[in-house]
Amino acid sequence: MSGRKETVLDLAKFIDKGVQVKLTGGRQVMGTLKGYDQLLNLVLDEAIEFLRDPDDPLKTTDQTRRLGLIICRGTAVMLVSPTDGTEEIANPFIQPDGA
């Protein structure tokens, strides 16, 4: 075994590509990944924040807010996913109102 640590998440393949980032506290941002470090601090350009529903803070709405160039602190990052190759589907676990 070598003494060098390898990261499980290889973000190098997402540089200059669109990513969606979920942060602790419920915030969700999307932008172009410009840089990162070993602590998972992320630099996003042309970032957009998805605003939350005032009645239910856990749900995001279709409203967005342009943020521009931002840094996401690594301790707040929960999820990083590419925007290319993903699409949103309807939740199959939601019960119809009559059930």
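The figures that follow rest on heavy atoms only: side chains count, while hydrogens, waters and symmetry mates do not.
- The two atoms that bring A12 and Y36 nearest to each other are N-OH, 3.3 Å, heavy atoms only.
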- request: Show your reasoning for whether salt bridge (charged side-chain N to carboxylate O under 4.0 Å, His left out) applies to K34 and D16.
  value: CA-CA 6 Å; K34 291 296 183 180; D16 291 327; 3.0 Å; yes

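- There is a path of hydrophobic side-chain contacts, each under 4.5 Å, that joins V77 to V29.
- For the pair T83 and M30, the tightest heavy-atom approach, listed with the atom from each and the gap, is CG2-SD, 3.5 Å.
- Within a 6.0 Å radius of NZ in K22, other residues, nucleotides and ligands contribute 12 heavy atoms or fewer.
- Residues E46 and T32 approach most closely at OE1-OG1, 4.1 Å, considering heavy atoms.
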Donor-acceptor contacts under 3.5 Å from residues 61-76 side chains, at least two apart:
residue, atom, partner, partner atom, Å
T61, OG1, L51, O, 3.0
T61, OG1, Q63, N, 3.3
R65, NE, E49, OE1, 3.1
R65, NH2, E49, OE1, 2.4

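- Nearest heavy atoms, V21 versus L23: CG1-CD2, 3.7 Å.
- Atom CG of residue D37 and atom CG of residue L42 lie 8.0 Å apart, to the nearest 0.5 angstrom.
- Its side chain outside the 4.5 Å cluster rule for every partner, L39 clusters with none of the Ile, Leu, Val, Met, Phe, Trp and Tyr residues.
- Cluster membership for L44 and V80, using ILVMFWY side-chain heavy atoms within less than 4.5 angstrom, is shared.
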task: Take F50 and Q20 through the side chain to side chain contact (heavy atoms under 4.5 Å, CB included) test and state the conclusion after the steps.
output: CA-CA 10 Å; F50 295 93; Q20 191 163 350; 4.3 Å; yes

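- Heavy atoms from other residues, nucleotides or ligands lying under 6.0 Å from CZ of R52 number more than 12.
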